[in-house]
Amino acid sequence: MAEDLKALADRAVADIAAAADDAALEAARVRYLGRKDGVLSEATKRVAQLPAADKPAYGAAVNEAKRRIEGALEERRAALRASAIERELGQEREDLTLPPRRVRVGRLHPISQTTRDISRIFASLGFETVEGPEIEWDYYNFEALNIPTGHPAREKWQTLWISNPLGDDPSRPLLGRTHTSPMQIRVMEQRKPPIRVVIPGRCYRYEATDAIRESIFFQYEGLAIDEKLTMSDLKGVLYAFARQIFGGERKIRFRVDYFPFTEPSAEIAFDCFACEGRDPQCRVCGGEGWIEAAGCGMVHPDVLRRVGYDPARYQGFAFGGGIERIAMLRSGAPDIRLFYQNDLRFLEQF
Ligand code: DAH
């Protein structure tokens with residue numbers, strides 16, 4: 001009987017080794033090991049009819065046959081898999097005539113592009129780019145710029161106040177800076193004249209948005225301090241900047257304004273790119289024909305004194321404006337909010 005089982009296993013192993021593909025292999029498995037009519041199951045059932053003395057030897061022979069058949073199946077399965085892989089690899093060919101897949105290269109956000117252009121142009125005029133904190137002390141954002149608590153100018157610069165993590169000292173309130181002007185003070189505190197810096201950066205205002213206003217936006221600030229600077233230096237620098245950033249065509253309006261930290265102060269506006277002053281309902285300029293782009297002026301003597309500069313010896317000028325407005329003026333983008341909606345159809349145009 002045990003001899004029969006050995007012959008059976010020999011036959012099964014040979015059959016399995018000859019299986020040409022997965023289907024043949026599966027058929028062989030079912031034929032020999034199949035639970036219902038498998039040859040080995042039939043043999044196993046016969047154990048019951050054997051005399052007790054023969055049972056152990058027969059059982060061992062069944063197990064041995066089963067082990068050999070399973071081994072043969074596993075071996076053949078692996079061999080079939082290996083030759084399938086080899087066949088596939090053998091058929092693969094690089095098609096060197098295919099056009100390459102297009103690589104989609106990213107680009108800088110239009111506001112980053114504009115910021116870099118601003119820095120580059122001011123660098124050509126001798127200004128170094130520096131950056132400063134977006135979360136600022138009340139002192140730098142207001143006090144040091146001649147805007148003490150209760151000053152009506154604070155109304156114009158409402159912001160988000162932040163509870164002071166350094167012990168909640170209410171006499172040292174923190175805020176999202178409403179402009180980049182606080183960096184004028186920080187730079188003057190850290191350096192000695194002559195100073196020529198431009199400071200781009202993010203600002204915050206508690207304000208409803210519209211086509212030209214956002215509550216989080218970017219400004220650039222400029223500061224020049226030296227011994228013989230005048231208003232004509234200010235005007236010359238800003239006109240040179242405007243011509244470089246917009247080309248020659250954009251009209252510039254320079255007129256008197258008020259800021260607590262400059263005296264005298266002025267405002268720069270550009271003629272409206274959307275309507276060129278022709279549409280009284282224009283969404284961009286509100287029918288004014290002009291878009292305010294920057295404030296500027298001669299640094300107030302009290303501001304100079306506060307950082308320990310002698311106003312009799314040093315004067316300087318400062319300016320600050322919105323970066324999105326420049327990007328809008330240059331590109332004709334009709335709404336500031338487009339810059340922050342992350343819509344590639346818009347952003348890819350830059
Ligand atoms: N910081 C002002 C604002 O946000 C703009 C400004 C006005 C900046 C006059 C200046 C300046 O440097 O001299 O409205």
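In listed order, ligands and their atoms are each counted from 1. Here the structure is a predicted model, which is why all the values come from computation and not from measurement.
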Checklist outcome for this item: Sorted by chain and residue number, the residues with a non-hydrogen atom under 4.0 Å of ligand 1 are Trp157, His179, Ser181, Gln184, Arg205, Gln219, Glu221, Phe259, Phe261, Thr262, Gly295, Cys296, Gly297, Ala318, Phe319, Gly320
Checklist entry - Are the side chain of Thr44 and the backbone N or O of Leu40 linked by a donor-acceptor pair below 3.5 Å? => result yes
Next on the checklist: If you apply the rule side chain to side chain donor-acceptor pair (under 3.5 Å), what do you find for Glu214 with Tyr340, and how did you get there?
Outcome noted: CA-CA 10 Å; Glu214 260 291 7; Tyr340 301 113; over 6 Å; no
Item to check | Basic-acidic side-chain contact under 4.0 Å: Arg29, Glu70 | outcome: no
Next on the checklist: Determine whether the aromatic ring centres of residues Phe261 and Phe142 are separated by less than 6.0 angstrom.
Outcome noted: no
Item to check | Which residues share a side-chain contact (heavy atoms from CB on, under 4.5 Å) with Pro264, sequence neighbours left out | outcome: Met231, Met298
Next on the checklist: Please determine whether side chain to side chain donor-acceptor pair (under 3.5 Å) holds for the pair Tyr239 and Gln244, giving the CA-CA distance in whole Å, both sets of side-chain angles, and the decisive distance to 0.1 Å.
Outcome noted: CA-CA 9 Å; Tyr239 274 62; Gln244 286 197 55; over 6 Å; no
